[in-house]
Amino acid sequence: MAATQLKPCLVLLLTFSLLAFASAISRNRIRSLNQIKKVNRKGPYIGIITVFATEEDAFFASGSFKPDPKFPFIDLSGRRFRFGVVRGRKVVYVRCGEGMTNAVAATQQMVDLFDIKGIIHFGIAGNTNNSMSIGDVTIPNQIAHTGLWEWLNINGTLDSADVAQLEIGDYNVPKGNGTNLLGHIGYMEEEYYSVAGEPNVAESLLWANISLQWLQLASNLAGMKLEQCVNSSLCLTEKPKLVVGLRASTSNIFLDNAAYRDFLFQKFGVSSADMESAGVAMTSLSNGYPVIVIRGLSDLAGNQEGDNVVSKFGGLAAVNSVKAVLGFIRNLPPITR
């Protein structure tokens with residue numbers, strides 16, 4: 001068969017393949033939507049969102065999550081949304097994946113598709129406050145997205161409205177050793193849209209305020225016993241504590257740098273740094289849902305000697321954050337439609 005005769009056949013074959021693929025996607029979507037309708041009839045739920053495997057393992061290892069025997073999970077966009085009961089409360093749980101984009105996408109899916117009454121977000125974080133220690137749990141009252149900046153040309157002028165300004169040259173070693181061509185960074189406020197505001201009109205937002213009623217419930221957790229040892233040969237020097245009401249920061253940066261850690265604490269007064277919390281919090285609040293963030297401190301965000309200790313204490317920090325999550329769920333009032 002000549003090449004010119006083959007081309008129409010290939011085009012036809014490709015067309016049929018694409019149509020079959022689209023049809024399969026459509027059938028899967030319809031099946032998922034039907035499952036969601038059935039699941040929502042059994043609601044309402046509390047949404048629980050964590051980030052990566054270490055945190056998820058700690059959650060399931062607690063034995064607190066009892067899967068729904070009929071609808072244990074639904075897979076959507078590559079994520080597995082699990083349904084069950086924790087401490088007598090119906091929950092839908094998902095692991096979102098690392099970073100702000102994953103956090104926002106999973107949170108928006110949850111509030112759009114499922115009958116939920118609020119969201120609990122938990123995981124581990126870097127410690128940016130010298131009065132806190134590895135293993136401690138922080139439940140912040142405010143969270144900022146500190147990764148939203150304008151990076152200027154060396155001769156550029158910073159906007160006076162910027163929340164904070166970072167002169168890269170201030171950190172030259174040795175000090176005063178010429179001009180640093182990375183210049184300066186100005187931190188901007190978030191453009192925040194919400195159901196409480198005017199449609200298509202953003203307000204400027206730096207701090208996302210965690211839902212007050214849930215913070216008050218969380219305050220009852222102060223003094224709870226947390227784990228101090230990873231195993232019989234690896235323990236923290238101090239008993240971990242749970243603190244409610246500090247500030248937190250989020251950006252798409254794994255923070256392991258002492259100078260930048262100090263900058264965040266000095267300019268923003270934050271006690272923890274992570275890559276997802278602001279995304280979950282702002283998405284929940286913009287849709288009108290209460291939210292709380294619970295993070296176990298796994299490392300010193302670069303303020304240590306030698307290698308970052310997240311690989312040593314990340315599991316312990318995750319376990320302590322789960323303990324706080326379970327305590328919070330136990331304190332929640334009955335959920336009704």
Side-chain angles (χ1 to χ4, degrees), residues 28-53 55-56 58-60 64-68 70-87 89-123 139-140 143 145 192-196 208-211 213-214 218 248 250 274-295 321-322 324-326 328-329 332 335-337:
N28 288 337
R29 181 172 178 80
I30 292 171
R31 187 182 305 114
S32 294
L33 291 174
N34 287 332
Q35 289 177 325
I36 290 168
K37 288 180 182 178
K38 294 176 182 177
V39 163
N40 282 337
R41 292 193 195 111
K42 304 180 75 172
Y45 301 90
I46 291 295
I48 302 178
I49 300 176
T50 195
V51 180
F52 70 114
E55 301 153 344
E56 181 171 88
F59 180 61
F60 290 138
S64 60
F65 179 79
K66 310 300 181 185
D68 186 303
K70 190 172 183 180
F71 297 106
F73 63 84
I74 297 176
D75 292 335
L76 298 167
S77 306
R79 294 186 180 88
R80 178 156 290 185
F81 291 80
R82 303 174 189 265
F83 307 91
V85 176
V86 173
R87 296 290 194 266
R89 303 289 187 268
K90 294 178 182 179
V91 304
V92 52
Y93 162 87
V94 70
R95 171 161 54 98
C96 68
E98 295 184 27
M100 287 278 283
T101 302
N102 281 323
V104 170
T107 307
Q108 192 65 54
Q109 272 187 302
M110 186 171 280
V111 300
D112 280 345
L113 297 176
F114 301 111
D115 180 12
I116 65 166
K117 292 297 184 181
I119 288 180
I120 301 169
H121 173 55
F122 77 93
I139 303 180
I143 304 174
H145 175 197
Y192 178 71
Y193 297 84
S194 75
V195 294
N209 293 307
I210 297 301
S211 308
Q213 185 178 6
W214 278 21
T250 296
D274 66 65
M275 298 170 66
E276 298 83 22
S277 292
V280 175
M282 289 185 182
T283 304
S284 301
L285 295 170
S286 70
N287 283 276
Y289 291 89
V291 63
I292 197 161
V293 171
I294 299 172
R295 289 274 181 162
S321 70
V322 169
V325 168
L326 299 181
F328 179 77
I329 292 175
L332 280 173
I335 300 168
T336 58
R337 290 191 182 278

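- Between the N102 side chain and the V51 main chain, no donor and acceptor come within less than 3.5 Å of each other.
- With sequence neighbours left out, the side chain to side chain contact (heavy atoms under 4.5 Å, CB included) criterion links F73 to D75, R80, R82.
- Using a 3.5 Å distance cut-off with no hydrogens or angles, the side chains of Q109 and S77 do pair a donor with an acceptor.
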**Request:** Just do the side-chain contact (heavy atoms from CB on, under 4.5 Å) check on E276 and E98 with the steps written out, would you?
**Result:** CA-CA 7 Å; E276 298 83 22; E98 295 184 27; 3.9 Å; yes
**Asked** Does the pair K38 and R41 meet the rule for a side-chain contact (heavy atoms from CB on, under 4.5 Å), with working shown?
**Response** CA-CA 5 Å; K38 294 176 182 177; R41 292 193 195 111; 3.5 Å; yes
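- For the side-chain hydrogen bond (donor to acceptor under 3.5 Å, both in side chains) test, residues two or more places apart in sequence or in another chain that qualify with D112 are Q108.
- The closest donor-acceptor contact from the side chain of H121 to the backbone of V293 lies at 3.5 Å or more, if one exists at all.
- Ring centroids of F114 and F81 are separated by less than 6.0 Å, placing the two rings close together.
- Judged by distance alone, with hydrogens and angles left aside, the side-chain atoms of Y193 form no donor-acceptor pair with the main-chain N or O of S286 at under 3.5 Å.
- In this structure, the separation between CZ on F59 and CD1 on I48 is 4.0 Å, given to the nearest 0.5 Å.
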**Request:** Given side-chain contact (heavy atoms from CB on, under 4.5 Å), test Y289 with T283 step by step and report yes or no.
**Result:** CA-CA 9 Å; Y289 291 89; T283 304; over 6 Å; no
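- Taking the side chain as every heavy atom from C-beta outward, I36 and L76 approach each other to under 4.5 Å.
- Put simply, the residue from V85, L326, V91 that forms a side-chain contact (heavy atoms from CB on, under 4.5 Å) with F65 is V91.
- With T50 contributing its side chain and R95 its backbone, the two residues share no donor-acceptor pair below 3.5 Å.
- Using a 4.5 Å heavy-atom cutoff, the side chains of W214 and V291 are not in contact.
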